[in-house]
Amino acid sequence: MVTIALLGALNGAKKKGQLKTETWPTLTLDAPKRPEWGDLASTVAMSLASSEHKAPHDIAQIIVENLPQREELFERVEIVRPGFLNLTVKPTLWQEVLRAIESQGAAYGKADFGRGRRVLVEYVSANPTGPLHVGHGRGAAVGQAIVRLLEAVGHEVAGEYYINDAGRQMKLLGASVYARFQELSGMKVEFPEDGYHGAYITAVAERIKQQLSDTAGEMAPADLETQCRVLAYQEMLRLIRDDLSSLGIDFQSWFSEAALLESRAVEQVLDELKSRGLLFEQEGALWFRSSAFGDEKDRVVKKHDGEYTYLASDIAYHRDKLQRGYDLLVDVWGADHHGYIPRMQAVMQAYGHPKERLHVVLVQLVKLLRGGVEVKMSKRTGSFITMREVIDEVGADAAKFYFLMRDSRTHLDFDLELAKQRSTDNPVYYVQYAHARISSLWRVAAERGVACPQSTEADLAVLTDPDELGLIRKLSAYPEILQTSASTFEPHRMTYYLQQLAALLHMFYNKHRILPPAVEQEQGDGGAIEELTPKKTAARLVLMRSVQQVIRNGLTVLGISAPEQM
RNA sequence: GCGCCCGUAGCUCAGUCGGAUAGAGCAUCAGCCUUCUAAGCUGAGGGUCGCUGGUUCGAUUCCAGCCGGGCGCACCA
């Protein structure tokens, strides 16, 4: 509404010939850092200075003169030093925020600029060779949050897990389990080099031994090994699904690499590229000319031994995604794969798309701490902390919140002790508690026979206290946070915002009364207690409901529960 | 060596499509106190935004070069 007024002022001034710039810069209004600078500030005057050949201050003056509805909308309009335009809006406008939250409910903050665009978010995609570890957990939380963020701004989104169920890793899995299987049968065997050493491998071997107890004796070793591979794979995939679902994450689709190979999609795709001169043979191998699209060098797709490289099936896989009609592909990868981005973006370009058609979100490692002390993990000995262990210890909500607290590109310190603490030192608890605390207000209100009015039934004009207006202002910022979060694929902005909102709520709650004291309670003669009229109670209840709604909306986007009580 | 990411308070990190005195939490210090839901509340100190140049009316933000950390540079996935 204020932006419209500003735009009106600019256009009005242009009509009168006071301004001549062709197209206005995008008008951004942000909340200034200091309260005395008003509610909203604009820097348009300064950014127009060069194209108008006028002093910023004069331009600001012109804008102010042309502001429509100046009296109705603004309490105060100020021009400060270089050319800041500081606007203090009428408190009545803030009431609109509460009405909007109430009427839009769960939709408050959402947008539809993604309308009509289909997006596929591929995430986790861990090899089905063992349980998920903590790093996968972070990728899972980030992926899910991005799916929901993109949905919230109107995209049609699907989450997909790409299963690497073909190739070397599977063979190693099978061989490792088979070796353990043989050991269980009393044979001395050499364990495969680069095999999987984890205890879970032996556990799988044991189960397989039981399952096959009748028929194992009659099977050829090769068949047995195949059996081991297939059964182990199935078990691992089930394990992964279970782990993910205990994190509250489910995928719309699971895409099998083996199925892709079986459909001969890889051959087709390579033929296609070949016919367009994008493949060439050299030193007995087949190469993709990715350097033609900005990659630093060309890449092998088919090795001299006739095997396809991982890249070959990845090209086919991404080609498949494009053919399924997605307008945007988002891949969530471990940060150690960053070098892979140029060649996959080359694939996009090879198919005539801009490289931005594929957006890769990188997720850095998680460093686990317990009470400030690092929990050492060693891949070599197979003693790593699984995602399951973390969820069992701290709970899915806390795990997700922590995974989403930082920019995914940076290393994350995750303190298990802190994450399970039920104190305000624990950010998850702090935010959820804000929500639960408001729920408890409804319970107490009911006990005391206080009705919780709709915004139309309450006189919101009594919300004039700086703490009240501060909360409302924060609530009004939510849509922009959500939308920025979505368009930059950065869920951590949401967790940060929620912590700030929760902090304001707790401060407010500690300082101000919302409900009148219970009748039987002594009124205490300390005169410093602020006067609480039924009108004020009603308005504050409306405010509290809005805060609760926004916290719930934010947590929901992040896939975290908003408990009624804790 | 080349490429990508990171470098902001003692610690963990936000912020930055260039904007006004750089923010939060933890820790530290100083008070207060047991409250509608309670595991506390209020306040204070703390910074050459890695360094050096450049562009600009204005740079923590953009550019270049350096320093430090991580990762990647396979006919592995």
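Below, chain A is the first sequence line, B the second, and so on; all start at residue 1. The structure presented is a predicted model; accordingly, all values stated were derived computationally and were not measured.
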What's the NE2-P distance between A/H435 and B/U37, to the nearest Å? 17 Å
Quick check against the 3.5 Å criterion: does A/N426 have a side-chain atom that pairs as donor or acceptor with the backbone of A/L418? yes
Would you indicate what A/Y509 reaches in the nucleic acid, counting non-hydrogen atoms under 4.0 angstrom: base, sugar-phosphate, or nothing? base
Closest approach to the side chain of A/L441, judged atom by atom: which nucleotide of B/A20, B/C36, B/G15 is it? B/C36
Answer yes or no for this row: A/F84 ring on B/A20 base, centroids under 5.5 Å, planes under 30°. yes
Length of the OH-C1' vector between A/Y310 and B/A77, whole Å: 6 Å
Please report the distance, rounded to the nearest Å, between CD in A/E490 and P in B/C6. 10 Å
What's the NZ-P distance between A/K367 and B/C6, to the nearest Å? 18 Å
Salt bridge A/D413-A/R406, side-chain N to carboxylate O under 4.0 Å: no
If I take atom CE in residue A/M405 and atom P in nucleotide B/A24, what distance separates them, rounded to the nearest angstrom? 17 Å
Whole Å only: how far is the CG atom of A/L311 from the P atom of B/C73? 13 Å
Under 5.5 Å and under 30°: A/Y496 stacked on B/A24: no
Below 6.0 angstrom between ring centroids: does that apply to A/Y161 and A/Y123? no
For the pair A/R343 (side chain) and A/S290 (backbone), establish whether a donor and an acceptor sit closer than 3.5 Å, ignoring hydrogens and angles. no
If you look at every strand shown and take non-hydrogen atoms under 4.0 Å, does A/H337 touch a base, only sugar-phosphate, or nothing? base
Closest nucleotide among B/A20, B/A77, B/U35 to the A/A41 side chain: B/A20
Strictly under 6.0 Å, is that where the ring centroids of A/W333 and A/Y340 end up? yes
Do A/N86 and B/A20 have a side chain to base donor-acceptor pair shorter than 3.5 Å? yes
Euclidean distance, atom CD of residue A/Q548 to atom P of B/U37 [Å, nearest integer]: 15 Å
Using a heavy-atom cut-off of 4.0 Å across all strands, would you classify A/D407 as base, sugar-phosphate, or nothing? sugar-phosphate
Any strand: nucleotide that pairs with B/G10 via Watson-Crick or wobble, under 3.5 Å: B/C26
Between atom OH in A/Y233 and atom P in B/A77, what is the gap in whole Å? 18 Å
According to a strict under-4.0 Å criterion, is A/R493 in side-chain N/O contact with OP1 or OP2 of B/U16? yes
Ignoring hydrogens and angles, does a donor from either the side chain of A/E283 or the base of B/C75 sit under 3.5 Å from an acceptor on the other? yes
